[in-house]
Every structure is written in structure tokens, then in C-alpha cells.
Amino acid sequence: MDTRGRDLRGKRAAPAGSLVRRLLLLAGLGCALLLIAGCGQSQGGQSTLHPASDQSRKILHLFWGMLAAAVVVFIGAVVLLAISYRRRNREGIPLVEAENEKAVSSGLVVAFGIVIPVACLIVLFFIANIGVVKATDAPAPGQTKMNVTVIGHQWFWEVRYPGSAAVTANEIHIPVKTPVNVTLKTADVIHSFWVPELNKKVDMIPGHPNTLELYADHVGMYRGQCAEFCGLQHAHMSMAVYADPPAKFRAWLANMAKPVAPPASPQAKAGEQVFLTQQCASCHTIRGTSARGTIGPDLTHLQTRNTLAALTIPNRKGYLGAWVIDPQHFKPGNKMPGLNLSGAQFSNLLTFLEGLK
Amino acid sequence: MSEVTRSMEATSGAGAARVDRRRRALPNGVWGVALFIATEAALFGTLFATYFYFRFNSPHWPPQGVENPKVALPLILTAILVSTTIPVFFAGRAARAGNARLAWILFFVALLIQGGYFGVQVHEFLGDLQKFPPSESAYASIYFTLLGAHHAHVVVGMLIEVWVLGKLLGGITNYRLIGVRVATYYWYFVNLLAIGVVFTQIYPAL
Amino acid sequence: MATVSTPETIRRLHRLDRIWQERPGVLGWLTTTDHKRIGILYLFTSLAFFAAGGTEALLVRTQLITPNGSTLSPAAFNTTMTMHGVTMIFLFVIPISTGAFGNYLLPLMIGARDMAYPRLNAFSYWVFLGSGLFMYVGVATGNGPNAGWFDYMPLFCYAFLAVSFALVFALPALSVDCLFLELDRRLGFNFFNVGHGGNVLLWQHLFWIFGHPEVYIIILPAFGIATSIIPTFTRRRMVAFPMVALAEILVAFIGFGVWAHHMFSVGLPTITTIYFAAASMIVVIPSAIQLFAWLTTLVTGKPTFTTPLLWIIGFIVFFIIGGLSGIMFAAIPFDQQLTDTYFVVAHFHFIIFGAAVFPLLGGIYYWFPKVTGRMYNEPAGQASFWITALGSALTFFPMHIVGLLGMPRRVYTYPANVGWGPYNLSETIGSYILAAGLVLMVVNLVWSYFRGPASGPNPFGGATLEWSIPSPPPEYNFPVIPTVSSAYPMWDVEDREHDVDKLNRGEMVLDQGHETPASTTLDGYFDEILDMPSNSPWPVVTALMITGVFAMILTGHLVAMSVFLGLFALSVMGWHSVEPREA
């Protein structure tokens with residue numbers, strides 16, 4: 001063996017001195033961060049840590065259980081590393097172990113590498129993949145009274161209520177404490193429907209409708225987002241699920257099913273003409289008018305929605321105007337072109353759009 | 001050259017066949033063709049899996065408007081192709097026994113039969129392409145990809161044979177013997193594949 | 001080789017030098033078939049790609065530093081993100097592990113003078129270089145198993161054996177997948193077109209049939225490097241050697257049965273998902289065996305915490321975290337909740353960066369003296385480890401949390417009101433710290449290459465055969481084919497003395513030509529001497545032609561494609577026109 005190399009090895013070690021402490025620090029820091037995250041409050045967020053349904057809660061409990069086991073394993077491994085660090089100055093060179101030591105160390109590997117992991121995995125398998133899986137599975141067709149169909153588009157969500165004429169986009173209303181069976185389809189590429197506080201995610205596959213149960217155990221807004229990369233504006237394909245008291249929901253649905261009332265003012269009437277004669281009507285539907293486009297979202301009751309462009313901007317007058325003038329500013333690459341409107345046309349159009357209640 | 005290396009070499013030269021075969025290393029050429037066949041088998045496995053994946057996800061197979069495949073002609077053609085295993089096998093034996101002339105003739109016979117097979121298959125392939133183009137259905141897409149892939153393998157096999165025929169004109173060396181072995185193994189594989197491919201091809205009509 | 005002195009011995013060494021001498025200059029590198037030179041070509045090429053992929057990562061992180069960031073346009077972000085993934089996996093991790101480490105070290109560890117198919121090996125490098133998209137075909141054929149000293153291979157070699165088999169069987173699925181895609185796009189086929197009976201899930205199935213074994217292709221070389229470094233720096237043999245060897249092979253096979261666990265959210269039947277979840281759990285066991293074998297070896301040895309071992313310690317810590325979060329994904333409902341979020345991004349960066357790349361970086365430090373003959377600077381080496389590890393933790397750990405908070409992957413921006421900002425800020429800061437650590441490593445190695453002290457043949461007291469020869473190794477690797485009777489040949493002092501005797505007596509020197517020994521397949525006895533091809537222009541020419549063929553197909557120039565195809569056939573004939581010297 002080369003003695004020179006030994007000298008080189010001899011003068012190391014000082015910077016490695018705090019190895020164990022640093023590792024422990026790192027682990028501690030990580031856990032602390034996680035705890036902070038777990039305790040923080042979120043309103044209208046899309047955190048898996050704030051479940052609002054039995055399904056999401058079961059998944060979260062599963063996670064906490066797995067995390068606890070994982071922390072035990074991690075601490076065990078760090079303790080072993082710490083022991084090995086203490087042994088750096090031990091006497092002698094172990095090169096070959098004695099036969100009895102060999103049996104002990106192989107036994108340890110069998111115990112910790114095979115026996116204990118197998119036992120833990122079997123437990124996990126039954127809890128997660130036999131138990132929780134059932135709770136999050138979609139109900140059989142016809143099991144629920146409420147049905148909703150959600151169709152993914154690049155880059156918005158079309159929402160239909162079977163048995164009703166209601167069509168809307170991006171904002172899904174459901175009655176609270178009522179299981180809702182959601183049928184998931186897509187009009188173009190693969191999307192993934194995910195409202196983490198209510199349930200797991202399910203993909204929208206061309207030619208292969210999937211189903212998912214939505215249930216919310218208290219009134220509120222639950223944010224969701226497309227979870228499968230679907231092109232340029234994947235990042236701006238969000239949705240909101242509103243769980244309403246049943247009476248409020250019924251009123252909302254009845255209003256949504258109605259066609260829009262005729263424009264009240266002359267400006268609004270002129271705005272409707274702008275909508276129908278410019279390019280708007282070739283992409284958007286407004287029930288009650290001759291606009292029957294299907295490329296963009298249904299705008300019949302636009303003013304009942306809180307946001308525009310799949311939760312990209314708030315649905316307020318200034319934003320609506322800015323959106324119509326330059327849709328590519330907020331959501332570059334979306335399919336809506338900017339229109340070349342005169343000042344009067346523009347203000348009439350806005351008046352008309354603001355009347356879509 | 002030292003005594004030890006010399007004695008080792010005695011086992012690797014022309015007298016190789018007399019050494020206990022179980023103790024011999026496989027030549028690198030044979031390892032190479034074995035690996036190559038393994039990847040090709042995995043490739044065709046994927047094609048077969050795709051075919052049946054489509055099959056079991058489709059209500060009609062073949063899709064409406066496409067007639068069932070012929071049964072008799074593909075089976076006869078495949079039987080003819082598979083029968084070339086015999087001349088190829090004996091060509092390999094002849095080469096090992098040092099009979100370059102016989103090996104050459106047998107390979108040539110195999111090549112002629114395979115060439116005929118390929119000609120008829122290309123004719124059929126082009127005819128089918130007119131009837132149900134792959135731009136119209138997933139069935140046609142996998143049908144032509146599977147058959148096309150196999151035909152391509154037949155072409156490669158024939159090219160290898162042409163190369164072996166050229167080499168054998170100059171007599172037999174250890175290196176060429178390995179080349180012959182590689183060519184025979186490759187043809188066993190292509191012929192075996194032909195059986196799988198033809199039964200997949202005619203499957204809707206069975 | 002302490003006592004090489006007789007005039008006859010010196011003449012033998014000179015003869016070997018002359019026979020194995022490489023051509024000088026650029027032409028020498030273009031026509032080389034020396035596994036060490038090919039390994040170095042792979043190393044520098046893949047490190048260049050690593051720099052490119054790293055720059056792309058920094059761009060992505062810069063865009064995401066705050067909500068509604070505007071560093072990159074959505075189109076630029078999506079391109080950069082995709083390039084980052086493709087570059088890191090296909091142009092960095094695989095080529096550097098199998099191409100650079102496998103090529104350079106495997107023959108040195110088993111006492112051979114070259115790889116089994118030297119020209120194919122060179123060809124595969126040139127194809128990799130010439131065409132990023134089709135490089136993987138070349139890697140699959142470049143590293144076939146060779147009839148080496150199978151019985152006595154170090155664990156490093158078992159890991160690479162498993163990788164080679166996995167590559168052979170996994171890549172065809174990806175090739176077919178890409179073929180289907182190309183046929184769909186170019187010739188109007190309907191593999192993925194739902195309107196004509198195609199199926200988009202077919203793409204996902206085929207991709208993941210390749211993709212999951214691919215994960216083990218990435219991780220196994222890292223395991224191999226870990227099992228090389230740990231015994232050296234703990235001064236003891238690996239605990240449970242047979243179990244670790246078996247686990248390395250097993251993991252490559254079981255990896256083929258788990259692909260659909262990447263597809264739990266596409267709406268597969270529940271019973272299918274349960275089967276794949278169970279299979280995915282089984283794959284945990286071989287990893288657990290290896291992990292505890294490493295830990296037990298560390299505990300029962302006398303570890304020296306210098307740079308290479310530090311990277312391995314970092315690897316173990318990151319692998320445990322990434323492995324534990326991986327097990328969580330075998331719980332189907334949890335997978336369905338967290339897949340395609342930053343939690344998954346965290347998981348696979350702990351695995352791919354922490355567990356696969358850390359050992360590669362440790363391995364670069366470990367074998368740097370062997371390749372260059374110089375020692376790196378130890379304090380700077382340790383500092384580069386700590387900075388990189390700290391940066392990695394800051395970058396990748398918060399991704400778990402932001403994933404739990406609902407942030408999906410592959411978004412070019414995110415809103416301000418969902419609480420993801422602070423974590424993304426930490427990730428971006430961490431990524432720059434990480435990059436600083438890597439820059440320090442590069443500076444250290446470049447400086448040491450020119451100014452570092454001479455290392456001698458075995459600076460760390462390593463146990464495997466590469467440490468028995470001078471640093472850098474001579475072109476013929478071993479002056480005498482070594483006697484091996486365990487997986488730690490350098491610790492078998494008698495064997496090494498026996499080698500010197502053999503050299504002095506002229507036994508097993510193989511100095512009559514470009515020769516290497518072959519052994520019987522299963523019991524590893526010496527069988528015959530093979531005449532190996534030396535410098536050849538055909539690999540690079542053939543690679544150029546096949547790259548031309550694929551480039552022309554992809555760009556739709558079918559006439560030019562046919563010309564390249566003809567030239568390709570001609571160069572294959574040229575390749576085989578020279579027959580080896582007969583015994």
C-alpha cells in the first residue's frame with residue numbers, strides 16, 4: 001500500500017467534525033418547516049393538509065401515519081451514522097470480520113433489510129390499498145342523486161348539470177354534505193381534475209370518461225387546478241368548487257338553467273350586436289341569443305362568476321375590459337384573439353357583458 | 001511467445017471443436033447476437049402487446065369496413081419461410097465441418113427461398129395498403145407496423161446471408177465460423193418471429 | 001508493482017507499451033477504441049450536458065422565485081423545463097454512469113485490457129454525441145456483459161451487470177413508443193388518435209414500461225459506486241456481500257413489473273392498481289437490504305470521513321428520505337392525491353440528484369487520482385460537499401411541503417394567494433447555493449489537475465484491481481493478467497506478489513499482440529486469448545451515417561435518408577472488412 005496516500009488521508013477530518021450535528025439540524029429544520037405548514041390556515045387554498053371531506057381526511061391521516069413511521073426510520077439511520085462517526089478513531093483495522101461477527105451483521109441486515117420492512121409494508125398495504133382505496137373510489141353510477149359533468153378544455157373547465165340546461169365554466173357549485181358524482185371528460189388533450197381539499201385527482205382521458213365523487217362537509221370555496229401538463233397555459237387552468245347550502249344551490253341552479261334576459265338598455269342592445277357580429281359569437285355561447293360557439297366558455301350568466309380565465313383574474317369591470325382588449329396579456333397563448341373595437345363598441349360590449357346575470 | 005500462452009492458444013485455434021464444449025467460453029460474436037436478439041425480442045414483444053391492447057380496447061376488430069385478413073396465403077408463406085431453417089441449419093454444420101462449398105450452396109438455397117417469400121410479401125403488403133391505409137384506423141396502424149417490422153428483419157437477415165456468402169468464397173476461418181453461427185442464430189430468431197407474427201396477423205379470422 | 005526490475009521484464013513492458021500505444025492528436029481520439037479514452041470522452045461530454053441542464057434548472061427556479069414571475073415566457077418556460085428533464089436523464093446521468101464510469105472502470109476492476117466490443121463501444125459514443133435523441137440506442141449496445149471473471153467481480157460490477165440487462169430489455173419499449181409517435185406524426189398513422197380507434201394511454205404504458213426500469217438504470221450505478229467507496233473508507237469488507245449482489249440483480253428484474261404505479265390517476269381498474277401497488281412494495285426490499293448493508297458496514301468498520309465518503313453519507317441520507325417518500329406512493333390513495341405535484345418532484349430529485357448524482361460526484365473525487373495521477377484538494381473537496389448538500393436540501397426539501405399545499409408540477413407560474421411563495425423562494429436560493437458547490441468542485445478539480453500533488457497508484461488503500469496499477473493507468477492496463485481470488489484483490493497480498501512473479505517469469509503477459517484473456521462463462525476459468533481490435537475509423541464513420549439516417553427521417557428528407565442508409569451499409573461492410581489475426 002502506498003504510504004504517501006496514507007499521509008494525505010491523515011490530514012483530513014476537521015471540517016467533517018460537525019457531520020452528525022448538521023444532519024440532525026437538517027432533519028430538525030425539515031420537520032419544523034413541515035409542522036409550520038401543517039398548522040397554517042388556508043382559506044380558499046388547495047392544500048391537502050386542510051381536508052373538507054371524509055376522503056381527503058382519510059388520505060391525510062394515511063399520510064401522517066406514514067410520515068410518523070418514516071421519521072422513526074430516518075432517526076434510526078441517523079443514529080447508525082452517528083455511531084459510525086464515533087467509531088472513526090477505534091483501534092485496529094477491521095478488514096475481515098470474525099465468523100461470529102459475520103453472523104451478527106448479516107443477521108442485522110436480514111432483520112432490518114427484510115423482516116421489518118416486509119412487516120411494515122404488509123400493514124401499509126392493507127390499510128392503504130384495501131382500506132382507504134375503497135373510501136376514495138368513485139361511487140357506482142346511479143348511487144348518488146347529484147351528477148355533474150366536467151369537460152376539460154385548453155385551458156378552462158366546462159361544467160354541465162345533467163337533467164338541467166345549466167352550463168357554466170370554472171366555478172362548480174355543489175350542495176354541501178351531498179355526494180356528487182362527477183363525470184370527467186376532455187375535449188382535447190389529457191387534463192387532470194384535482195380539488196385536493198375534497199378528494200384525490202383523476203385524469204381526463206380522451207375517449208375514456210372517468211368518475212370521481214365530490215363531497216364537502218362544510219360550506220365554502222375549495223380551489224382546484226389541472227394537475228396534468230396540458231400545454232402552454234397549464235398553469236392558468238384552475239377552478240373553484242363552491243359548496244352551498246342546499247336552498248342556495250337550488251336557486252343558483254335554477255338561475256343557471258334559464259336563458260339570459262333580453263338586454264335592458266340601448267347600450268346593452270348595441271353591445272349584444274357587437275358580440276354577435278364581431279368574432280365573439282363564433283367561440284362563445286350565450287343561451288337566449290344566437291351565439292352558439294363552443295371553443296370558449298359559456299358566458300350566459302357570466303356575472304355570477306367571481307373570476308375570469310379559469311381563476312386567472314377577478315371578474316370586475318376593469319379586469320373584464322382589460323381582458324377583452326388584450327386577452328393575451330394575462331394568459332399568453334390562450335385561444336381568444338384581441339378584437340379591434342372602436343371606443344363606443346367596446347363600452348357597449350362591456351355594458352352588455354355586465355348584464356349577463 | 002511464452003509457454004503458457006502458447007499452450008492456451010492450442011485450445012482456441014482450428015482444433016477448437018475437440019475441446020470439451022462445456023468448458024469453452026462463448027465467442028464475443030455469439031454474446032453479441034444473443035444480446036441483439038434479446039433487444040429485438042423485447043421490441044416485438046412490445047408490438048404484440050400493442051396489437052392486443054388495441055384489440056381488447058376496441059368493440060370491433062378489425063374495425064367496421066375492413067375485411068378479415070386472408071388466412072391461407074400468409075400461413076403458406078410462413079411455412080415456406082420457416083422451412084429455410086433446414087438449409088440454414090445444415091449450412092452451419094457444413095461450415096463447422098470445414099466444408100465451405102456445401103455451406104455456400106445451402107445458404108444460397110435459403111437465400112433464394114427467402115427472396116421469393118419476401119417478394120410475395122411485399123406485393124401483399126402494398127395491396128393491403130391500398131385497401132385499408134393506416135391513416136384510417138389503429139388496427140391498420142399496428143397491422144402494417146408489425147408486418148413491416150418483420151419484413152425489415154427478413155431483409156436484414158438476407159443481407160447478412162449475402163455477406164456470409166461473400167466471406168465463404170475465401171474459405172473458412174475462425175472469425176468467419178463465428179459469422180456463420182451468428183447468421184444461423186439470427187435466422188432461427190426471424191423464423192420463430194414469423195410464426196408469432198402470422199398468427200397475430202390472421203387472428204381476427206380464426 | 002514494487003519489484004519490476006529484471007531486464008527481460010522491462011523489455012516485456014516496453015513491448016506492451018509499443019503494441020497498445022494510441023495514435024497521437026485529434027485523429028487518435030477520433031479512432032480510439034481504448035475503453036479509458038472512450039470513458040473520458042463520455043465524461044466530458046456528459047458533464048457539458050450537466051452544465052447545460054443545470055443552467056436550465058436555474059432558469060426554471062429563477063422564473064418561480066416569486067408568484068407571477070416574468071423571467072421566462074410560458075413557452076420558454078415549458079421548453080426549458082422539458083429540456084432540463086431530457087438533458088439530465090438521457091444526456092447526463094445515463095451516459096456518465098454507464099458511459100464514463102462503466103467504461104473506464106469495469107475492465108480495470110476485472111483485470112481486462114478492454115471492453116468486450118471496443119469498436120461498438122466507440123461507435124456508441126459517437127452516436128450519443130452525434131444525436132442526443134437517439135443516443136440511448138447506442139448505450140444499450142455498447143455495454144454488453146463480457147465473459148470476465150464473473151465469480152470474483154466486485155459489487156460495482158454486479159450493479160453494472162444488472163444495469164446492462166435492464167437497458168437491453170427496457171429500451172425497446174421506448175424505441176417502439178417513439179416509432180409509433182413518429183409514424184403518427186409523419187405518416188398519419190393512428191396509434192394515439194382516439195378518433196380512429198387509437199389510445200392515448202398506450203403512450204403512457206409503453207413509456208413507463210421503459211421508464212420505471214430506467215429509474216433503476218439510473219440508480220444502480222450509484223449503488224455500485226457506493227459499494228466501492230464504503231469498503232475502502234471503512235477499512236473492511238461489505239457486510240452481507242451475497243445478499244447485496246443478489247439485491248442489485250433482483251431490483252433490475254422486479255423493476256419491470258411496476259410501471260403502472262406511475263398511472264394510478266388515469267382511471268385504471270382498482271384491482272389493477274392494487275396489483276401494481278403490491279409489486280411496487282416488493283421492490284422496496286432489495287433497496288432496504290442494500291441500505292442496511294451500507295449502514296452496518298459503516299458501523300462495524302473504521303470510517304474515514306474524507307470527501308468521497310462524505311458524498312456517500314450524503315447519498316445515504318438523501319436516499320433514505322427519497323426512498324421513504326417513494327414508499328408513500330405505493331399507497332394508492334396517497335399517490336392519487338399527491339402525484340403530479342411538487343411532492344413527486346421532491347421525491348424524484350432526492351432520488352435522482354441525492355441518491356444517483358451524489359455518488360457520481362463522490363466517484364469523480366474517488367477515481368480522480370487514478371485517472372489523472374494527482375490528488376484533489378481535501379478541504380475544498382469537503383467544502384464543495386457541504387455547500388452542495390446544503391443547497392440540495394434547501395432546494396428539494398421544501399418541494400415536499402409546497403406539494404402538500406397543492407402546487408402542481410410543470411406550472412410556469414403560480415398565484416400569490418395560495419401560500420406557496422416562501423417555499424419557492426427557499427428552493428430558488430437553494431438552487432444557487434447548490435450550483436456554487438458544484439462550481440467549487442470544478443475549480444478544485446481543474447486546479448488539482450495542474451497543481452495537485454502526485455497521488456501514487458493507491459492513495460486511499462482501495463481494495464479493487466484498478467488500484468494495483470500506476471495512475472494514470474498505462475494503455476494496456478495490466479502488465480500481467482492478475483490472479484484474483486476474492487472481490488477485494490488488493491487486500492490479498494499473496495495474489496499481488498504472485499502477479500509480480502508471473503511478470504518476471506513472463507507468464508500471462510500476453511505481449512504478442514493486442515490481446516486480452518477470455519474466461520469460461522459460468523466458472524470463470526481462463527480459456528483463450530482474444531485478439532482485440534485497435535484504432536479504427538469505422539465507428540465514428542458509421543455513427544455519422546446512422547445519425548444522418550435518423551436526422552433525415554426526423555426532418556422528412558427521404559431521399560437524403562436513403563443516401564445515408566446506403567453509406568451506412570457501406571461503412572458496416574468496411575467495419576467488417578478487416579478480420580482479426582488468427583491464432
Side-chain angles (χ1 to χ4, degrees), chain A residues 1-2 4-5 8-9 12 15-16 23 26 30 33-34 37 42 45-49 59 62-63 66 70 74 77 80 83-84 88 90 93-95 105-106 108-109 112-114 117 121 125 128-129 132-133 136-137 196 200-203 205-207 210 225 227-229 232 234-235 332-333, chain C residues 74-75 194 200 235-237 239-240 243 265-267 270 274 277-278 281 284-285 288-289 292-293 295-296 298-306 317 320 324 328 331-334 336-337 340 375 378-379 382 393 397 401 404-406 408 410-413 418-419 456-461 491:
Chain A
M1 197 182 299
D2 184 37
R4 189 189 158 76
L8 283 166
R9 280 201 320 285
R12 85 282 131 342
L23 286 174
L26 205 69
L33 275 172
L34 198 60
S42 113
Q46 53 187 42
S47 167
T48 64
L49 304 175
I59 295 173
L62 179 63
F63 168 68
M66 292 192 294
F74 184 76
L80 285 179
I83 295 173
S84 80
R88 71 195 183 280
R90 68 195 279 209
I93 295 177
L95 279 188
S105 51
S106 294
L108 281 176
V109 173
F112 286 98
I114 302 177
L121 288 172
F125 181 79
N129 297 341
V132 182
V133 126
T136 61
D137 258 355
K200 64 186 184 180
K201 68 175 67 62
V202 174
D203 293 355
I205 310 282
N210 282 324
Q225 192 166 355
E228 184 75 81
F229 184 73
L232 206 56
H234 168 58
Chain C
V194 179
V200 286
R235 318 301 311 146
R236 61 151 297 152
R237 299 173 181 217
V239 168
M243 274 194 277
S265 65
V266 304
T270 304
I274 290 176
M281 286 180 166
V284 171
I285 303 301
I289 292 173
F292 277 91
L295 285 171
T296 317
L298 281 164
V299 168
T300 57
K302 183 186 178 184
T304 308
F305 290 94
T306 44
V317 171
I320 291 172
L324 288 168
M328 292 180 183
I332 299 166
F334 180 81
Q336 290 165 329
Q337 179 73 301
D340 282 318
M375 270 313 282
E378 182 62 40
Q382 297 198 10
F397 195 84
I401 301 163
L404 286 165
L405 293 180
R410 301 175 177 136
V411 289
Y412 77 87
T413 188
V418 282
N458 193 1
F460 306 116
W491 294 345

Determine the minimum heavy-atom distance between A:Ala227 and C:Asp340, stating which atoms define it. O-CB, 2.9 Å
Pick from A:Ala235, A:Gly207, A:Ala77: which one has the most heavy-atom pairs with chain C under 4.5 Å? A:Ala235
For chain C, find which of A:Ser106, A:Ala128, A:Pro332, A:Pro206 contributes the most heavy-atom pairs closer than 4.5 angstrom. A:Pro206
Smallest separation among heavy atoms of C:Pro408 and A:Gln46, with atom names: CD-NE2, 4.2 Å
Can you tell which part of A:Leu80 gets under 4.5 Å to a heavy atom of chain C, answering side chain, backbone, both or neither? both
Quick one: which of C:Ala277, C:Pro303, C:Ala278, C:Ala288 has the most heavy-atom pairs under 4.5 Å with chain A, could you say? C:Pro303
Test item: A:Thr48 side-chain N/O and C:Leu404 main-chain N/O as donor-acceptor pair under 3.5 Å: yes
Within the distance-only criterion (no hydrogens, no angle test), does the side chain of C:Gln336 pair as donor or acceptor with the backbone N or O of A:Val202 below 3.5 angstrom? no
What's the separation between atom CZ in C:Phe292 and atom CD1 in A:Ile114, rounded to the nearest 0.5 Å? 11.5 Å
More than 12 non-hydrogen atoms from neighbouring residues, nucleotides or ligands closer than 6.0 Å to CZ on A:Phe229, yes or no? yes
Out of curiosity, A:Leu121 CG to C:Ile285 CD1, how far, rounded to the nearest 0.5 Å? 5.0 Å
Need one label for C:Ile289: side chain, backbone, both or neither, based on atoms under 4.5 Å from any heavy atom in chain A. both
Which atoms of C:Met243 approach chain A - backbone, side chain, both or neither, heavy atom under 4.5 Å: side chain
Using non-hydrogen atoms only, which part of C:Leu295 is less than 4.5 Å away from chain A: side chain, backbone, both, or neither? side chain
Residue pair A:Lys200 / C:Gln337: nearest heavy atoms and the distance that separates them: CA-OE1, 3.6 Å
Once you round to the nearest 0.5 Å, how far does CD1 of A:Ile83 lie from OG1 of C:Thr296? 10.5 Å
If you measure from CE on A:Met66 to CZ on C:Phe334, what distance do you get to the nearest 0.5 Å? 5.0 Å
The interface call for C:Thr413 against chain A, heavy-atom contacts under 4.5 Å, is both
Sort A:Leu62 into side chain, backbone, both or neither according to what part of it lies under 4.5 angstrom from a heavy atom of chain C. side chain
Chain A contact via C:Ile320 - which portion, at a heavy-atom distance below 4.5 Å: side chain
Exercise: identify the closest heavy-atom pair between C:Met328 and A:Ala70: CE-CB, 4.2 Å
Most heavy-atom pairs under 4.5 angstrom with chain C, which of A:Leu108, A:Val133, A:Thr136? A:Val133
Does any non-hydrogen side-chain atom of A:Phe63 lie less than 4.5 Å from one of C:Pro333? no
Under 4.5 Å from any heavy atom of chain A, what part of C:Val299 do you find: side chain, backbone, both or neither? both
Using 0.5 Å steps for rounding, measure from the CD1 atom of C:Ile274 to the CG atom of A:Asn129. 6.5 Å
